*Asks:* 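Take this structure, written in structure tokens, and hold onto it; I'll ask about it next.
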Amino acid sequence: MKSKVYESFDAAVADIADGSTIMFSGFAGPGTPRNLIAALLAQGASGLTVISNTPGSWGDGPIDLKALIDAGRVRRVVAAFTAATHPSMRRAFDELYEAGEIEAELVPQGTLAERIRAGGAGIGAFYTPTGVGTETAEGKEVRSFEGRDYVLELPLRADYAMLRAHRADEMGNLQYVHTQRNFGPIMARAARTTLAELDGPVAAAGEIDPNQVHTPGIFVDRMVVVPADGIQEGARGG
Amino acid sequence: MASAEVLSRQAMANRIAMEFEDGWVVNLGIGMPTLCSNFVHPERQILYQSENGLVNYGPLAVEGEEDFNLVNAGGQYVIPLPGMAVLDHADAFALIRAGYVDVSVLGAYEVAANGDFANWKLGGRKGGGIGGAMDLAVGARNVFVMMEHTTRDGAPRLLERCALPITAPGVVTLVATTLGLFEVTSEGFVLREIAPGYSPDEVQAATGAKLIVPQDLREFQQGHSP
């Protein structure tokens, strides 16, 4: 079996084509695959569709999705935020979106997570109570079950998923630490090819207790260990 | 308007937190609602839940002792409590939609007399920030709102009907504002408690919906933790 361990981030992202759909894990920092994003920015793929909790942060901070958006690499965004929680916060995404130069689909966060989960679970569609009676349900089927209304939502799938995990073995089995987990496990399942950047070195098979595996290795294709001089979580303002 | 001071954010948060019952699972929205966790009731254990996958997290971490992989929904570093559990994002929202959260405390731009509220999109804007609000609004057993009583321009936020796009219809049951505590009933807003130094007429004048003022109207309870 071909090794899943890549020596560099550049090698891990080298074949990503223009127009790809990519899921990015991360919530307010933890789990964000910052080193993979930096490599993808350097690689130059454009016309991307990105699926993520936000189209990057609205504040200053280490590299995230906003770098790809600012560089004009993103055509379409699927996210739970298409504006900051405070109206005074603006950045390039807001200008591009309002000018119609970038498309965006705004999805309630739980629906976003469940659509990704469904995409990686072989589910064709599902009904959720979230959004019934709001703008997000407009144009969608609403159906009543046991006296309650639900809206029909479709799964999300992707060509690639990028995530950050804490620990891995050579089979690709992953463990996350605390809220680094967030979208990682569900995105790894919903993408055809999953890339993981890792806090620590890759352990031999058997080093991770099978009962403690958070993402089984069959969902993980490429792994790169973040080097000591790589981008670390918590490097605020970097 | 009276010269009396409006209620502080912490006073509003304390009042909302006084409603939390022992053993409740509580989700606090970004901003003002996070202040609710500063109110500690010695005889009630509260399990704070965060939609990025935490149940039973603790207070904010002090500077220098942060774990950079442990944040609440507002992106603030928090500390783990003994017995904390971590979930992925799909499971975190599964428990929210399935009714395991006893109360969601959210900020809002507007709340209507029929329990509708709006907190994700401002007028004239193309983008919005829904985050987890729509899921929390339909999934939590109780939805409480904290907000300034009026906008910066003095326009009321308590209305007969929301003008902004709503987050969910008919879910809010309790609102704490800078002027008092309001219960949302089938008859509309009931002014339960009023900020010290204000009259019901003054509160009504700053409100865009008819207020029911009961006989047993009380002064705003100024809870504080020991």
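Protein chains get the first letters and strands the later ones, always in sequence-line order, with residue 1 at the start of each. These numbers were taken from a predicted model, which means no experiment stands behind them.
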*Asks:* With rounding to the nearest 0.5 Å, note down the distance linking CD in A:E135 to CH2 in B:W120.
*Replies:* 4.0 Å

*Asks:* Once rounded to the nearest 0.5 Å, what's the spacing between atom CG of A:L106 and atom NZ of B:K126?
*Replies:* 12.0 Å

*Asks:* Taking atom CD of B:E66 and atom CD of A:E233, what is their separation to the nearest 0.5 Å?
*Replies:* 12.0 Å

*Asks:* Side chain, backbone, both or neither: which part of B:I96 has a non-hydrogen atom closer than 4.5 Å to chain A?
*Replies:*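 The answer is neither part of B:I96.
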
*Asks:* Are B:I130 and A:T136 close enough that some pair of their side-chain heavy atoms sits under 4.5 Å apart?
*Replies:* yes

*Asks:* Name the region of B:L136, side chain, backbone, both or neither, that has any atom closer than 4.5 Å to a heavy atom of chain A.
*Replies:*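 No part of it gets close to chain A.
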
*Asks:* Does any backbone or side-chain atom of B:A168 lie under 4.5 Å from a heavy atom of chain A? Answer side chain, backbone, both or neither.
*Replies:* backbone

*Asks:* Determine the option with the most heavy-atom pairs under 4.5 angstrom with chain A, choosing from B:K121, B:R125, B:E51.
*Replies:*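 Among the listed options, the one with the most contacts to chain A is B:R125.
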
*Asks:* Within this structure, what is the CZ-CD distance for the pair B:F93 and A:Q109, rounded to the nearest 0.5 Å?
*Replies:*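 Here the interatomic distance stands at 4.0 Å.
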
*Asks:* Under 4.5 Å, counting heavy-atom pairs only, tell me which of A:Q180, A:H178, A:M187, A:E98 racks up the most with chain B.
*Replies:*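 Counting heavy-atom pairs under 4.5 Å, the top option is A:H178.
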
*Asks:* Based on non-hydrogen pairs under 4.5 Å, which of B:G131, B:A137, B:A92 is most in contact with chain A?
*Replies:*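 It is B:G131.
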
*Asks:* Below 4.5 Å from any heavy atom of chain A, which atoms of B:S50 appear? Answer side chain, backbone, both or neither.
*Replies:*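 Neither; nothing under 4.5 Å.
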
*Asks:* Quick one: what part of B:L122 sits under 4.5 Å from any heavy atom of chain A, side chain, backbone, both or neither?
*Replies:* side chain

*Asks:* What part of B:D91 is in contact with chain A, defined as an atom under 4.5 angstrom from a non-hydrogen atom: side chain, backbone, both or neither?
*Replies:* neither

*Asks:* Do B:N52 side-chain atoms and A:T179 backbone N/O form a donor-acceptor pair below 3.5 Å?
*Replies:* no

*Asks:* Shorter than 4.5 Å, heavy atoms on both sides: which option in B:G128, B:P80, B:G74, B:G127 has the most such pairs with chain A?
*Replies:* B:G128

*Asks:* Quick check on the interface: out of B:D67, B:L70, B:L54, who has the most heavy-atom pairs with chain A under 4.5 Å?
*Replies:*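 When all of B:D67, B:L70, B:L54 are compared, B:L70 has the most.
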
*Asks:* Between the side chain of B:R97 and the main-chain N/O of A:G110, is any donor-acceptor distance below 3.5 Å?
*Replies:* yes

*Asks:* Please work out which of the three classes, parallel, tilted or perpendicular, describes the rings of A:F183 and B:H89, given edges at 30° and 60°.
*Replies:* parallel

*Asks:* State the CZ-CG distance between A:R117 and B:D88, to the nearest 0.5 angstrom.
*Replies:* 9.5 Å

*Asks:* Tell me which of these, B:D116, B:I166, B:D135, has more heavy-atom pairs under 4.5 Å with chain A than the rest.
*Replies:*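 Winner by heavy-atom pair count: B:D135.
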
